[in-house]
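All values below come from the heavy atoms of this structure, side chains included, with hydrogens, waters and symmetry mates left out. None of these values were measured; they are calculated from a predicted model. Sequence lines set the chain letters: A, B, ... in the order given, protein chains first and strands last, and positions in each chain run from 1.
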There are 2 protein chains.
Amino acid sequence: MSSRGKVITLQEVAVRAGVSRMTVSKVLRGAGNISAETRQRVKQAADELGYLPNNLAGSLSSRKSRMVAVIIPSISDIVFSEVLSGINATLRPEGFQTFIGESLFDPQTETELIRAMLSFRPAGLLLNGGMARSADAEKLLTRRNCPAIQLWDCDGGALDFSAGPSHEEAGRLVANHFLERGLRRIAYVGAELHKDLCARRRYLSLKSALAAAGIDLLSMICEVRPRQAVTGRFLTEQLVLAHPEIEAIHFLNDAMALGGLSYLHQAGISVPDQISVIGFNGTSLANAVRTRLTTIDMARTEIGQKAAQALLQIIAAEPMPGVWRAALEVVQGNTTVPI
Amino acid sequence: MSSRGKVITLQEVAVRAGVSRMTVSKVLRGAGNISAETRQRVKQAADELGYLPNNLAGSLSSRKSRMVAVIIPSISDIVFSEVLSGINATLRPEGFQTFIGESLFDPQTETELIRAMLSFRPAGLLLNGGMARSADAEKLLTRRNCPAIQLWDCDGGALDFSAGPSHEEAGRLVANHFLERGLRRIAYVGAELHKDLCARRRYLSLKSALAAAGIDLLSMICEVRPRQAVTGRFLTEQLVLAHPEIEAIHFLNDAMALGGLSYLHQAGISVPDQISVIGFNGTSLANAVRTRLTTIDMARTEIGQKAAQALLQIIAAEPMPGVWRAALEVVQGNTTVPI
DNA sequence: TGCCGCTTTGTTATCGATAACATCAACTAA
DNA sequence: TTAGTTGATGTTATCGATAACAAAGCGGCA
């Protein structure tokens with residue numbers, strides 16, 4: 001906070017409008033009964049002085065806030081931008097502002113973010129599920145002073161509500177998709193599963209669904225490279241060289257799948273004739289490039305909406321613990337054969 | 001802010017540790033001279049009670065804050081995630097937390113975000129350049145109570161510092177790249193230029209550079225569709241059908257370029273033999289799919305770093321208006337012929 | 001012995017708003 | 001006329017921290 005010019009407070013506005021601080025406060029919040037004439041005078045004074053309310057003082061005093069804290073693992077993940085749209089579309093009309101923090105899947109960073117955001121006494125906290133959470137973070141959440149909601153995972157944990165897909169279901173859908181097409185030599189390509197626990201659950205679910213059908217899933221997982229296209233490409237190369245017999249690959253997400261496809265094409269491996277491919281999270285990109293990737297899609301915007309609606313309800317009334325489960329849909333592209 | 005349990009304040013910690021509020025405050029901030037023994041006792045008390053500082057009160061009283069507000073147009077734009085990494089990498093070690101707001105290129109939303117963030121009296125404000133800014137927003141920025149820095153555009157406006165590429169230069173680079181290869185029937189494909197003023201400047205710069213060479217740029221611009229792959233695909237189709245003579249296309253960004261390439265491939269148009277293509281913003285994706293897109297790259301992380309460093313300096317000392325200009329580099333892919 | 005200065009801790013006055021209640025005028029109803 | 005309402009505005013006491021200064025304890029040194 002640098003010292004540029006004098007800070008305008010309610011007091012200055014009050015003096016200029018010839019009323020008390022309290023009256024100015026009421027006018028600007030639209031509270032209480034104030035005559036039209038006074039209201040007009042106050043507004044004009046505030047405008048002329050360029051008054052900017054100090055939320056620190058306001059929220060401290062009223063113990064209320066219109067700020068909603070959202071903490072997501074990665075802002076570059078296309079996934080979250082759609083969830084966020086849903087959140088904003090629901091909260092902004094109600095006068096709430098969302099402030100976003102990015103944890104980069106790092107528990108330490110997430111903990112500090114939770115602490116920083118809670119210390120501003122927000123109206124609500126929206127957190128991403130499927131992250132390894134530190135003990136400190138858990139403790140902070142226990143002592144939180146606002147409702148907290150889990151996003152991106154319908155398995156709610158200890159929070160007040162959760163909205164997202166079932167990652168177990170996603171794994172099973174992939175298994176079925178491959179099995180229905182008679183594919184049996186199946187591989188999984190992923191990265192950073194120790195960070196992205198949702199992806200990990202999909203992986204484990206796929207693995208056990210296949211195991212139930214007597215199939216052993218081959219895994220190509222790298223914990224140190226990012227969950228991105230380049231990594232998908234690299235791991236696919238490793239996979240194909242080591243296991244040329246593979247018939248199908250499921251990738252952690254669409255970005256990695258696109259990377260993998262780029263290698264398969266270059267290596268002259270035909271998709272889906274020789275190898276079938278499924279990604280996760282239908283993104284606009286996945287359907288606009290040459291290959292239309294078979295993927296699993298869901299209503300991401302709606303996840304955000306449901307989460308925000310739940311938050312509003314919890315703020316208004318009291319309880320409403322619960323879950324909203326996002327429907328998953330396999331989008332048939334041309335990287336697996338249609339049935 | 002819901003009423004779950006009693007809120008723990010400095011007072012409760014002080015009582016439990018058998019000291020005054022002030023002592024607790026000093027211990028937890030690491031300020032003043034406090035004996036090791038007292039420090040230990042206070043820390044333990046705070047920990048046992050699960051004390052969470054109230055930043056509203058703290059910042060109000062000290063008129064200092066460790067929060068930095070960042071407002072970006074779109075979190076899904078891969079571009080900003082890298083800039084943000086640079087910002088966080090620089091600010092977090094100094095104990096600052098960044099809170100992000102998303103404006104979606106909407107001036108009204110941006111204005112409300114600026115207002116909301118400034119009303120929390122942040123230590124600094126990082127804004128994206130190249131947005132149409134409302135009069136209210138300008139007024140807020142004039143009366144701001146913290147340093148403000150412009151990102152993503154080295155043309156700083158009225159702010160304290162700016163870090164980013166020169167979009168004029170980018171347009172010229174594209175023009176030269178095409179001209180050097182003897183291409184003369186050139187088109188531009190973009191969207192939402194009334195919102196993304198940086199893109200608009202690149203476009204205008206390209207257009208005038210070509211005009212200087214006696215070439216009339218053909219424009220395919222849609223103001224209502226999003227700046228994404230699907231739009232790139234759609235507009236490219238329109239373009240090619242209406243103007244089959246086109247030899248080169250520059251796209252607003254890599255995502256749109258990938259969409260366009262997908263159409264060109266499907267239509268059996270060979271790249272770069274029949275049509276050369278250049279995108280903007282080398283993204284990891286652009287280099288991992290089948291086609292290696294020729295694009296313009298820059299050190300995005302460094303933009304964030306420079307902006308954050310400038311902020312720290314301005315916070316510490318007083319002045320330091322200035323500019324940091326990000327170097328641009330044409331990355332040769334296989335969508336234009338090498339020279 | 002008494003004054004000085006250092007370390008450690010406490011006191012008091014804010015920061016800039018809002019909640020809750022008080023006040024006062026005008027007006028209504030009995 | 002007089003009490004009772006209602007509407008419009010002001011007063012006082014917080015909210016939970018920190019700044020700035022005051023005070024107490026202690027040893028050193030002339």
Side-chain angles (χ1 to χ4, degrees), chain A residues 1 3 6-15 17-43 45-46 49-67 115-116 118-123 143 145, chain B residues 1 3 6-15 17-43 45-46 49-67 115-116 118-123 143 145:
Chain A
M1 206 178 293
S3 58
K6 187 170 55 0
V7 183
I8 308 289
T9 69
L10 271 190
Q11 180 65 51
E12 348 276 331
V13 179
V15 169
V19 295
S20 71
R21 291 209 299 277
M22 200 60 227
T23 303
V24 176
S25 169
K26 283 176 186 160
V27 169
L28 297 181
R29 280 178 299 144
N33 283 343
I34 307 289
S35 71
E37 189 226 350
T38 309
R39 216 155 42 210
Q40 147 73 15
R41 227 173 45 241
V42 168
K43 276 182 179 161
L49 292 171
Y51 171 69
L52 178 70
N54 184 326
N55 232 310
L56 299 171
S59 290
L60 175 62
S61 173
S62 68
R63 295 132 157 288
K64 280 195 182 65
S65 165
R66 313 236 76 179
M67 156 195 177
R115 194 193 311 280
L118 284 184
S119 77
F120 278 102
R121 304 292 190 260
R143 307 198 190 282
N145 38 37
Chain B
M1 207 178 292
S3 57
K6 186 172 56 358
V7 184
I8 309 289
T9 69
L10 271 191
Q11 180 64 51
E12 348 274 333
V13 179
V15 169
V19 294
S20 72
R21 291 209 298 277
M22 201 61 227
T23 304
V24 177
S25 170
K26 284 176 185 158
V27 169
L28 298 181
R29 280 178 300 144
N33 284 343
I34 308 289
S35 71
E37 190 226 349
T38 309
R39 215 155 42 209
Q40 148 73 16
R41 228 175 40 243
V42 167
K43 277 184 176 159
L49 291 172
Y51 171 69
L52 178 69
N54 184 327
N55 232 311
L56 299 171
S59 289
L60 174 62
S61 172
S62 68
R63 294 130 157 290
K64 280 194 182 66
S65 165
R66 312 236 78 178
M67 154 194 178
R115 194 194 309 280
L118 284 184
S119 76
F120 278 102
R121 304 295 190 257
R143 306 197 190 283
N145 38 37

side-chain N/O A:T38 vs D:dT9 OP1/OP2, d < 4.0 Å: yes

Short side-chain N/O contact to D:dA17 OP1/OP2 from B:Y51, under 4.0 Å: yes

Closest nucleotide among D:dA17, D:dG10, C:dT9 to the A:K26 side chain: D:dG10

Protein-nucleotide distance (B:L49, atom CG; D:dG16, atom P), rounded to Å: 15 Å

B:L56 CG - D:dG16 P separation (whole Å): 10 Å

Test item: B:R41 side-chain N/O and B:A17 main-chain N/O as donor-acceptor pair under 3.5 Å: yes

Side-chain N or O of A:R29 closer than 4.0 Å to phosphate OP1/OP2 of C:dA19: yes

Under 4.0 angstrom between B:S20 side-chain N/O and C:dG10 OP1 or OP2: yes

Comparing A:I8 and B:R39 on DNA chain C - which has the more 5′ nearest nucleotide: B:R39

B:N55 CG - D:dC15 C1' separation (whole Å): 15 Å

Side-chain N,O (B:T9) to OP1/OP2 (D:dC15) below 4.0 Å: no

side-chain contact (heavy atoms from CB on, under 4.5 Å), paired with B:T23, selected from B:L28, B:I34, B:V13: B:I34

Nearest to side-chain heavy atoms of B:L60, which nucleotide of C:dG16, C:dG10, D:dA19: C:dG16

Whole-Å distance separating the CG atom of B:N33 from the C1' atom of C:dT7: 6 Å

B:Q11 CD - C:dG10 C1' separation (whole Å): 13 Å

Pairwise 5' ranking along DNA chain C for B:I34 and B:S62, keeping only the more 5' one: B:I34

Under-4.0 Å side-chain N/O to phosphate OP1/OP2 contact, A:S35 with D:dT9: yes

Exam field: side chain B:R21 to backbone B:L10, donor-acceptor pair closer than 3.5 Å: no

Side-chain N or O of B:R21 closer than 4.0 Å to phosphate OP1/OP2 of C:dT12: no

Residue whose closest nucleotide on DNA chain D lies nearer the 5' end, A:E37 versus B:M22: A:E37

Heavy-atom donor-acceptor pair, A:S61 side chain to A:A57 backbone, under 3.5 Å: no

A:T23 side chain near D:dT9 phosphate (N/O to OP1/OP2, under 4.0 Å): no

Side-chain donor/acceptor of B:R121 to backbone N/O of B:L118, under 3.5 Å: yes

Rounded interatomic separation in angstrom, taking CG from A:L10 and P from C:dT14: 18 Å

B:N145 CG to C:dC15 C1', straight-line distance once rounded to whole Å: 14 Å

Value in whole Å for how far the P atom of C:dT8 lies from CD of B:Q40: 16 Å

Sugar-phosphate only, base, or nothing, as touched by B:N54 at under 4.0 Å among non-hydrogen atoms: sugar-phosphate

Donor-acceptor under 3.5 Å (A:S119 side chain, B:N54 main chain): no

Any B:R63 side-chain nitrogen or oxygen under 4.0 Å from OP1 or OP2 of D:dA19: no

